[in-house]
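Below: one structure, written as structure tokens.
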Amino acid sequence: MAFHLPPKPTPQHSTATAGGVAEPGHAKPHWLMRWLLTTNHKEIGSLYLIFSLTMFFIGGIFALVVRAELFQPGLQLVRPEFFNQMTTMHGLIMVFGAIMPAFVGLANWMVPLQIGAPDMALPRLNNFSFWLLPVAFGLLLSTLLMPGGGPNFGWTFYAPLSTTYAPPSTTFFILSLHIAGISSILGAINIIATILNLRAPGMRMMDMPLFVWTWLITAFLLIAVMPVLAGVITMMLMDINFGTSFFNAAGGGDPVLFQHLFWFFGHPEVYIMILPAFGIVSAIIPTFSRKRLFGYASMVYATAAIALLSFLVWAHHMFVVGLPLVAELFFMYTTMLIAVPTGVKIFNWVATMFRGSISFEPPMLFALAFVVQFTVGGFSGLMLAISPADFQYHDTYFVVAHFHYVLVPGALFAILAGAYYWLPKWTGHYPHLRLSQWHFWLSVIGVNLTFFPMHFSGLAGMPRRIPDYALQFADFNMAASLGAFLFGASQLLFVLVIIKCVRGGEKAPAKAWEGAEDLEWSVPSPAPLHTFETPPEFHPDRH
Amino acid sequence: MWQAIKSVLAAFLGVQKDSRRREDFASNRPGIFIAAGLLVGLVFVVLVALVAVLAAR
Amino acid sequence: MRTLLVWMAGGLASAALTPVALANGWNMPVGVTALSRDIYSLHMIIFWICVIIGVIVFGAMFYSLFRYRHSKGAKAATFHEHTSVEVIWTAIPLLILVGMAVPATATLKNMYDTSEADLDVMVTGQQWRWRYEYLGEDVAFTSNLGTPREQIDGTGEKGEHYLLEVDKPLVLPVGQKVRLLLTSDDVIHSWWVPDLAVKQDAIPGFVNENWVRIEEPGIYRGQCAELCGKDHAFMPVVVEAVEQERFDEWLAERQQAAEEEASSADREWSMDELMARGEQTYGAVCASCHQADGQGAGNFPALAGNEAMLEDIDWHIDRVVNGVSGTAMASFRNTLSAVEIAAVVTYERNAWGNDSGDSVQPSEIAEQLAEQGE
Amino acid sequence: MSNEQATNREGVRRTVTRTLVVLAGMFAFAFALVPLYDVFCEVTGLNGKTSNTAQMLVHEEVDTSRMVTVQFITRASAGLPWELDVQTRQVRVHPGQSNEVFFTFRNRGGEASRAKAVPSVSPSEASVHLRKLSCFCFQEQRLAGGERLEAPLVFQLTRDLPADIKTVTLVYTLYPVQPAQAAVLPRGPIEEGDSA
């Protein structure tokens, strides 16, 4: 299926222009070489999306191993050592291998189309940053087969569990994270360079669609924090292999320092995974409400504010490590304050729908589910911000419920919404309506059945990352496991939808959705391989 | 500069008028907004820290 | 339309289910300390604030979805900003948050006030057990998982307190302010008892403080909350709160028992006695890593047929007494008594087909420990 | 048209250069955070570490109006056949006054080895007010097998110690000091003959 995406160039659009990217078609290269060496933003976008879908299923299988073991109390299927590797790999793969590359893929496809650019600013770099990913994750997955097993210290890899007490494969884990980090950084540089320099004549910053805005801010966050992650894992590497003691108390280091550094990266990372989602939803809701986005300016400013504040809240992940009272209060206050700009975004989406003309196509369904369920995740986030209460919530399933609500029906649903929204542009066909609806409803039911009971098991006292639990948590866990399998299975429908959509289906016109306004809808569906080689005239009529 | 600070303050709350934003972006001087952002950010940190210190007493 | 009905039915159902769930004990425990009650009420306040905001926001959203359906010919309005409305909906949450921060700050300050404690207990996390030390009382012991291995593997019926039971609970007096000093011997652990609303990380090389004043006698169960490796799920915390008099008696008993244990090292132990005691100690302390069958697992070496160990009994004893630096093998010098060390070494040298016939007397171990001390 | 692309390329180059500079800066910043954190901790007592060099006695009037309990806890880490004991488990002191407490190191092993005591103070806020005039924890100790060493700690709690701190707990954990090449821990899985 991969090889039908995107369509071959159509003659009327591959007009040769000076300085254009390498023309395929002279001598037709082997398809493998074509995909290996492509510098086309649409092809690379597709590669990213296919890669992230693959990783999503691999990470999902790991999650199902975890849920299968947790179906009943007692150890049935896996040993605790392997269980810990599964939870760790699930987290790492989903964060770095599924969600982030999916957003980069969407950016590759849509940012040039939305700003009227012919391609990304640095096409060859673009190819390189993609192909780093399979290397990184191939390496990461291979650690599972190494003696002593793969990483087993959680995706947050707290020292000294991840240094002095780590399996021998940890050096490979660090290497793979380095490679994935370089890929993200290069991708971010490319996106910034594209947005700042390749906008269509007449399009000012303030005319850019919100998806472009949120990605610009996300890219800056990536530039700011990925090097910090690289620094942290380099220190780990040195602690493990060169006898330094950054995080080792025996040599005068401090394990808590690791957590400060990690979360200085980690909290902005959380926003890296949600800001582009805000952008997608801010495109979809106005389209299907047939009404301009309410408070565009506020949205842009709120995004910037959230990004800035994200550097000031990191220690709310560390409320129980024994911070001094003043630090505890500081981080509680800043964390509570970040709820304000986030709330503004939700109010704005609701106000966009108010007095609109609303229809419920699949992208809108996913966007609406995003708004509701992301807000649920936001509420539990607000509860977690209350530091004294966090002494009870911390490291329980309540936290697991919270961040999964933000990341699965949050970030992931936004990605799915984006996919349904732009599939007509990518393939020229509408996705199969019935199947899409089935996919949506089964996903919603599965997600809530999986993660809602986790709130209760957490409050009742179940710690996270345990392969076996006390009997009073059995009901919640059984429900969550059933939900997880339902959710996992229903994602196969998504694959089916994509395959059908690539192969055929109802033809989509250039402007596939009645209320859609941005530049991408001015090029034919499916989008030809080369678009906007002559920059479009941009008329800021809407903004 | 004052204009920029006001815009940044508005950003912190997440509320801004379209017309103001138009003016902001018409100015075409990103440096001043970045400076204002960092300044307001710093003041914000100091302010919250001060509240925390006072509250901890 | 149908879509909307499903949405609303789903929303109503979950809205109705949540209070039911919370009322059925699927909620944070109220607990048995003044602090745990404060925290519980903070939790419920913020919860209801979220519910109210949720009802308003989702209400407005679903009203819009229902009222302004395209299929019903709704025409979209053209407004796209309204500064005063935006200011209002920014200001109100801000005020709510300030209102929330006030009680939260007060509770937090109370939590941090560890001064004037009546009793100090040092809590040390070890992979994968807790060690308790009553400072100034000469009482210290390790608390291991009490659930038998068969229950975990599914070959035995699971008991009522499956995974939340230990061999020796931490006994504390009610009504007294107990200061907990927490640290760790290896990785980061986190000591947590929901009913006491105490959760604090135990960090190697550093000491954390927390405190608790239990109001009602009873048994309170919790577990390690920070991922600490393989048996993270198997290091529960059990606190037994008793009246002061009972506590004093218990403390005296413990002190006496420690003395008796020390003096029993002087007498001659038979092989059977050593093996029986050794099996018990091995099961509680060693089996989680080296496995009940002595076969080891992963990084943990097998003891059955371990030649290095069988060749040299002194080397064997040294490993148990002093541990192995930089590995999960802890030093048991202070954790196990001379009797237990002698018994476990004897057991390891004769179990699982190791049949070396070697045995070591508690008195020899005690002598060795004392000798090293001089 | 081609003119425009030329400016684009120029702009892209400038953007990339700038982002690379920021990137390098942030990577360096991550490492700078380590000493910054130490300085920050030393100033605020964030992590309860104490200064690792001797400090001068602050000559100030002894605050006889209040007493503070100072507790000492000693621990030895696994794999080190040493013991650390303190002669007095707790002392009651006035802020401003200087005090001396003796600690005993004992190497119970047969061979010479080196170790260092790592201090931690609780509550961590107190660590800024704890001045060590002399401490065995400033340097590593080397003891022959069976050797015994008495070493003093001379300290002072300054008068500006917050009034709500009534007990200060000082914990010393003994860690082995590895010879340089042994700093890499034996991390092989089963093939290592380690047992018991």
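So that the names make sense, note that chain A is the first sequence line, chain B the second, and so on, each numbered from 1.
A/His41 and A/Asn126 form no side-chain donor-acceptor contact under 3.5 Å, judged by distance and modelled atom types alone. When only modelled atom types and interatomic distance are considered, A/Asp239 and A/Thr244 share a side-chain donor-acceptor pair under 3.5 Å.
Residues A/Phe173 and A/Phe157 place their aromatic rings such that the two centres sit under 6.0 Å apart. Ring-centre distance between A/Phe153 and A/Tyr158: not below the 6.0 Å cut-off.
Neither the backbone nor the side chain of A/Leu229 comes within contact range of chain D, judged by heavy atoms closer than 4.5 Å. For A/Ile192, the parts lying near chain D are the backbone and the side chain together; criterion is any non-hydrogen pair under 4.5 Å. For chain D, the nearby parts of A/Ile223 are the backbone and the side chain; heavy atoms of each come within less than 4.5 Å. Proximity to chain A (any heavy atom under 4.5 Å) is shown, for D/Phe31, by both the backbone and the side chain. Looking at A/Leu125, there are no atoms closer than 4.5 Å to chain D (heavy atoms on both sides), in backbone or side chain.
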Exercise for review: Kindly indicate, with the supporting measurements, whether the criterion ring pair (Phe, Tyr, Trp, His ring centres under 6.0 Å) is fulfilled by A/Trp314 and A/Phe265.
Suggested key: CA-CA 8 Å; A/Trp314 77 87; A/Phe265 146 79; over 10 Å; no
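The greatest number of non-hydrogen atom pairs below 4.5 Å with chain D, out of A/Ala188, A/Ser245, A/Ala219, A/Ala224, is found for A/Ala224.
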